Student: 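I have a structure I would like to understand better, so I am pasting it below and will then ask my questions one at a time.
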Amino acid sequence: MRRAIGLGLLALGIFGVTLGLLLRFYAYPKLAVAPLDPGVKSIAQGTATVFYPATLKTRSDVLLTATRRVDGKIDSPDVRVNGKVAVWEMGLVTEDDTGAMVDAQDQWVCVDRRTAMAVQPCSDQKINTDAGVQATGLQYKFPFNTQKQDYPFFDVLTRTAPMMHFDGEEVIDGLPTYRFVQTIPVTKIADVDAPSSLVGGTTNDTVTAGRMYEDRRTVWVEPYTGQIVKGQEKVHQFLRGPNGQDGQLLLDGTLAFTADTVQTSVDKAKSDRAKVRLLYDSGPRLLIGLGVLFLLAGLLVLLLPGGRANVPSSLSVRHRREMAGVA
């Protein structure tokens, strides 16, 4: 009986350890992947100074609303059922308080569903109408099991991936997050035709000016899932004349996720975090821990001598004589 109990405990222990290892090293890599069609919407708002080219006028303290959607292109030739690559379309529209469009961007990109890195080659990639873009770095989220380190993060306007620097930890509504900051130095993003007077000239003759852009982007990331739950950008754009002189301010302000967007993002991250932890962390630890306990218990039952009641020696001798038929 003892042998059966011991072997049963050993079997339970082996099962627990094996299942824990399978969760961590087999199920987790297969199940912890970004969706093919995220269907994510975020809204950022803030006040800014805005230049309107149509009227050549500038407004201060303009309330801007930037609406971003990230959807999947599941009919793309780069996408396979249960495959490692997703094709996402990001649409970003920025409007002022009158509904006038201030900016719009549209990007299609191939993404590694586990690392969130851009994948090349990508047959469907483009930014607006430019299909020659070679996207690099992280795309709209961070990898599963995000570390306290720097990551390249793609910027649509410069079409480069400057580093996102780890900047500390922060708890948002009970959710632990990592904070990352990306600084984009002044960069020319386009050549535009503009009146000379907007870049230091004295006439309205048309000149070719550079559209200059800089940004300080801060994101708060839930590390188990890599989801961005909060974001903020401090944007500055202006014209630079052909002689290198800085001219007309085009856009200057700070936009941040609205409270509703943050709350929705945090709630989703909390739910997804619990599922990922079950595969990566808490589930394997519990199963392996219980398995080790069962293994130890099984070994104790099998290897330790069984307890036997102490019988007085005189009774023991008499018992043996009676068994032998001796009075």
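The figures here come from the full heavy-atom set of this structure, side chains too, leaving out hydrogens, waters and symmetry mates. Since the structure is predicted, the reported quantities are computational estimates derived from the model, not experimental observations.
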Student: Between Arg113 and Ala34, is there a donor-acceptor pair closer than 3.5 Å when you use the side chain of the first and the backbone of the second?
Tutor: yes
Student: In terms of hydrophobic clusters joined by side-chain contacts under 4.5 Å, are Leu251 and Tyr52 together?
Tutor: yes
Student: Ignoring hydrogens, what is the shortest heavy-atom contact between Val199 and Pro242? Give both atom names and the distance.
Tutor: CG2-CD, 4.5 Å
Student: Hydrophobic clustering (ILVMFWY, side-chain heavy atoms < 4.5 Å, transitive) - are Leu63 and Leu92 grouped together?
Tutor: no
Student: From Leu198 CG over to Phe238 CZ, what is the distance, rounded to the nearest 0.5 angstrom?
Tutor: 14.0 Å
Student: Just by modelled atom types, is the Asn145 backbone N or O under 3.5 Å from a matching donor or acceptor in the Gln147 side chain?
Tutor: yes
Student: Will you find, in the side chains of Ser196 and Asp205, an N or O donor that is under 3.5 Å from an N or O acceptor?
Tutor: no
Student: Is it true that the side chains of Asp155 and Tyr213 contain a donor and an acceptor less than 3.5 Å apart?
Tutor: yes
Student: Do we see a donor-acceptor contact under 3.5 Å between the side chains of Thr258 and Asp260?
Tutor: no
Student: Is the closest side-chain heavy-atom distance between Asp167 and Thr218 below 4.5 Å?
Tutor: no
Student: Under the side-chain contact (heavy atoms from CB on, under 4.5 Å) criterion, do Lys268 and Thr264 qualify, and how do the steps go?
Tutor: CA-CA 6 Å; Lys268 185 177 187 306; Thr264 298; 5.7 Å; no
Student: Just checking, any donor-acceptor pair under 3.5 angstrom between side chains of Thr47 and Asp61?
Tutor: no
Student: With no hydrogens and no angle check, do the side chains of Thr225 and Asp272 hold a donor and an acceptor under 3.5 Å apart?
Tutor: no
Student: Taking atom CZ of Arg68 and atom CZ of Phe257, what is their separation to the nearest 0.5 Å?
Tutor: 6.5 Å
Student: Between Asp124 (side chain only) and Cys110 (backbone N and O only), is there a donor and an acceptor less than 3.5 Å apart?
Tutor: no
Student: Could you state the interatomic distance from CZ (Phe180) to CD (Gln149), rounded to the nearest 0.5 Å?
Tutor: 7.5 Å
Student: If you count the non-hydrogen atoms of other residues, nucleotides and ligands that lie under 6.0 Å from CZ in Arg59, is the total more than 12?
Tutor: yes
Student: Using 0.5 Å steps for rounding, measure from the CZ atom of Arg69 to the CG atom of Asp106.
Tutor: 12.5 Å
Student: If Ile, Leu, Val, Met, Phe, Trp and Tyr residues are connected whenever their side-chain heavy atoms lie under 4.5 Å apart, and connections chain through other members, are Leu287 and Tyr280 in the same group?
Tutor: yes
Student: What pair of heavy atoms forms the shortest contact from Arg114 to Ala32, and how long is it?
Tutor: NH1-O, 3.1 Å
Student: Got a sec, which pairs hit disulfide bond (SG atoms under 2.5 Å apart) with one end in residues 244-293, sequence neighbours left out?
Tutor: none
Student: What do the steps show when you test Leu249 against His236 for side-chain contact (heavy atoms from CB on, under 4.5 Å), and what is the final call?
Tutor: CA-CA 8 Å; Leu249 175 68; His236 183 68; 3.3 Å; yes
Student: Does the side chain of Leu175 reach to within under 4.5 Å of the side chain of Gln227, using non-hydrogen atoms?
Tutor: no
Student: Hydrogens and angles aside, do Glu170 and Thr177 bring a side-chain donor and acceptor to less than 3.5 Å of each other?
Tutor: no
Student: Could you check whether any side-chain N or O of Asp130 sits under 3.5 Å from a backbone N or O of Gly132, counting only pairs where one atom can act as donor and the other as acceptor?
Tutor: yes
Student: Among Tyr224, Phe166, Tyr178, Tyr151, exactly one meets ring pair (Phe, Tyr, Trp, His ring centres under 6.0 Å) together with Phe142. Which residue is that?
Tutor: Tyr151
Student: If you measure from CG on Leu302 to CG on Leu7, what distance do you get to the nearest 0.5 Å?
Tutor: 5.5 Å
Student: Where do Arg240 and Val186 land on the side-chain contact (heavy atoms from CB on, under 4.5 Å) test, with the steps shown first?
Tutor: CA-CA 11 Å; Arg240 177 170 288 173; Val186 175; 4.1 Å; yes
Student: Check the hydrophobic clustering (I, L, V, M, F, W, Y; side-chain heavy atoms under 4.5 Å; chains of links allowed) and say if Val85 and Ile74 are grouped together.
Tutor: no
Student: Roughly how far apart are Glu214 CD and Met212 CE, rounded to 0.5 Å?
Tutor: 9.0 Å
Student: Any side-chain donor-acceptor pair under 3.5 Å between Thr58 and Gln248?
Tutor: yes
Student: Under a 4.5 Å side-chain heavy-atom rule over Ile, Leu, Val, Met, Phe, Trp and Tyr, are Leu286 and Leu22 clustered together?
Tutor: no
Student: Please list, chain by chain and in numerical order, all residues satisfying ring-ring contact (aromatic ring centres under 6.0 Å, His included) with Tyr140, sequence neighbours excluded.
Tutor: none
Student: Would the distance check show the side chain of Glu222 and the main-chain N or O of Arg273 forming a donor-acceptor pair, the cut-off being under 3.5 Å?
Tutor: no
